[in-house]
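One structure below.
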Amino acid sequence: MRALLSGYYGKGNGGDEALLATLLQMLPSHVTPVVLSGNPEETRDRYNVETYDRMAPLPVLQALRSSDAFIWGGGSLIQDVTSTISPFYYGGLMALAQKMGLKTIAWAQGIGPLVRPQTRWLARQTFGNCTKISVRDRASAALLSDWQIPCIIAPDPVWALESKPVPGLWDLPAPRVAVTLRSHPQLTQTRLANLTRALVDFQKATQAFILLLPFQKSEDLSIAEAIQPQLQDVSKILCLEDPQLLKGVFRGVEMAIGMRLHSLIMAAAEGCRCFALSYDPKVNRLMEDLEMPGWDLASLPDDPNLIGLTWMEHYANGDPLAPEQIQSLVDRALMHRELLSQALCNNSDQKM
């Protein structure tokens with residue numbers, strides 16, 4: 001059986017690469033994955049899979065024709081806030097796969113926000129015709145429930161991604177604190193300056209070595225490069241492409257300060273204290289689910305001293321997730337694997 005995997009792959013985003021790596025780990029052994037990628041050569045070489053350019057219409061059509069199943073491979077693909085084109089691209093592919101009679105799976109989806117009537121209509125149609133659906137948060141499950149579309153809900157699959165040790169990490173000074181910031185309209189120059197000043201104070205107080213961890217070079221590296229001169233000799237920018245290594249970084253880190261959803265999931269999964277800086281409802285949902293401390297960027301304190309003191313308090317007295325809580329999240333994340341097994345078993349043509 002051949003399954004065509006569609007997501008925000010090959011675009012240098014650590015979170016989406018982690019979703020792809022986890023999906024490939026979870027696919028049943030009798031299924032051959034075929035991946036649509038923004039960088040087909042890199043994706044092929046990293047994961048040893050057949051790939052096609054996600055924006056090349058003819059190869060995409062040929063890949064669909066040669067496949068038995070089509071999978072939306074995780075994350076916030078169906079939302080119209082950061083991109084109006086994105087839901088039509090993914091929704092269009094799903095609708096085409098359904099029209100061609102493929103088994104169709106919406107896997108580990110975070111749905112919304114959906115503010116436009118056209119995208120809500122397209123989402124309702126395509127989700128309604130899926131063979132199986134899994135979502136990663138309560139808000140997505142509630143939306144599908146409103147539409148009377150059945151699904152399973154389970155934690156983000158990246159909880160269950162196998163991490164790898166990072167060569168040379170243990171040679172860096174300890175204790176270590178990882179910081180992952182990304183460019184976003186809410187991360188204004190003033191807020192970035194306040195966060196940087198707070199980070200300098202925090203580093204002096206804790207004597208921690210700061211790991212600046214870009215999850216997507218195009219969005220994150222320039223911010224890391226702007227911060228690092230303020231932390232001469234007590235910081236390092238660590239650029240890692242392999243999502244299993246990215247997750248492995250957090251094995252050797254005392255605390256993570258992160259904007260990106262998957263930086264916080266990876267850190268929490270590896271038993272690291274976490275402090276969130278939210279720019280998106282999906283990060284707020286994680287904060288609520290795990291009772292994770294943090295701020296919405298929009299309500300970030302104006303006082304760098306307050307920011308730094310809050311981080312110091314969490315560094316000194318905050319708790320990581322308990323091992324049994326982590327194991328429970330990992331176990332429940334494996335429900336996404338079970339859904340793939342059910343949907344892609346050779347005799348399963350029925351809908352849920």
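Keep in mind that what you see is a predicted model, and the values were worked out from it rather than measured.
- Salt bridge present: Glu241 and Lys217 bring a charged side-chain N and a carboxylate O closer than 4.0 Å.
- In plain terms, the two heavy atoms of Gln216 and Lys11 that are nearest each other are NE2-O, 3.3 Å.
- Scored by the side chain to side chain contact (heavy atoms under 4.5 Å, CB included) test, Ala154 finds Met335, His336 as partners (sequence neighbours excluded).
- Judged by distance alone, the side chains of Glu313 and Asn317 do bring a donor and an acceptor atom under 3.5 Å apart.
- Identified under the side chain to side chain donor-acceptor pair (under 3.5 Å) test for residues 61-75, with sequence neighbours left out: Arg2-Ser66.
- Closest approach of Gly308 and Ala198 over heavy atoms only: N-CB, 3.7 Å.
- Taking OG1 of Thr119 as the reference point, atom CD of Gln79 lies at 9.5 Å (rounded to 0.5 Å).
- Of all heavy-atom pairs spanning Arg273 and Gly318, the tightest one is NE-O, 2.9 Å.
- Within a 6.0 Å sphere centred on CD of Gln148, heavy atoms belonging to other residues, nucleotides or ligands number 12 at most.
- Within 6.0 Å of CE on Met55 lie no more than 12 heavy atoms contributed by other residues, nucleotides or ligands.
- Side chain of Ser278 to backbone of Asp296: no donor-acceptor contact under 3.5 angstrom is found.
- Of the inter-residue distances, the one linking Asp137 atom CG with Gln109 atom CD reads 10.0 Å to the nearest 0.5 angstrom.
- Using modelled atom types and a 3.5 Å distance limit, the side chains of Asp331 and Gln327 yield a donor-acceptor pair.
- Here Asp302 pairs with nothing under the side chain to side chain donor-acceptor pair (under 3.5 Å) rule; sequence neighbours left out.
- The CG atom of Leu246 sits 9.5 Å away from the SG atom of Cys239 when rounded to the nearest 0.5 Å.
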Donor-acceptor contacts under 3.5 Å from residues 249-259 side chains, at least two apart:
unit_1: Arg251; atom_1: NE; unit_2: Ser163; atom_2: OG; d: 3.2
unit_1: Arg251; atom_1: NH2; unit_2: Ser163; atom_2: O; d: 3.0
unit_1: Arg251; atom_1: NH2; unit_2: Ser163; atom_2: OG; d: 3.0

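- Shown here are the side chain to side chain contact (heavy atoms under 4.5 Å, CB included) partners of Asp289, two or more places apart in sequence or in another chain: Arg138.
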Could you walk me through whether Asn194 and Arg197 pass side-chain hydrogen bond (donor to acceptor under 3.5 Å, both in side chains), step by step? CA-CA 5 Å; Asn194 287 339; Arg197 283 205 293 276; 2.7 Å; yes
Decide side-chain hydrogen bond (donor to acceptor under 3.5 Å, both in side chains) for Ser183 and Glu219; before the verdict, give the C-alpha distance in whole Å, the side-chain angles of both, and the deciding distance to 0.1 Å. CA-CA 5 Å; Ser183 66; Glu219 300 277 333; 2.7 Å; yes
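- To the nearest 0.5 Å, the span separating CG on Leu187 from CG on Leu277 amounts to 8.5 Å.
- Note that NZ of Lys236 and CG of Leu169 are 10.0 Å apart. Values are rounded to the nearest 0.5 Å.
- At a threshold of 4.5 Å between non-hydrogen side-chain atoms, the residues Pro175 and Phe209 do not count as touching.
- When all heavy atoms are compared, the tightest approach of Leu181 to Leu192 is CD1-CD1, 4.0 Å.
- Applying the salt bridge (Lys or Arg N to Asp or Glu O under 4.0 Å) rule to Arg44 yields no partners; only residues at least two apart in sequence or on another chain are considered.
- Interatomic distance, CG of Leu20 versus OH of Tyr47, reported as 5.0 Å (0.5 Å rounding).
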Using side-chain contact (heavy atoms from CB on, under 4.5 Å), reason through Leu211 and Val179 one step at a time and then give a plain yes or no. CA-CA 6 Å; Leu211 288 174; Val179 178; over 6 Å; no
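- Taking all atoms of both residues into account, the shortest heavy-atom contact from Gly15 to Phe215 is N-CD2, 3.9 Å.
- Nearest heavy atom pair, residue Ala268 against residue Ile326, reads O-CD1, 3.4 Å.
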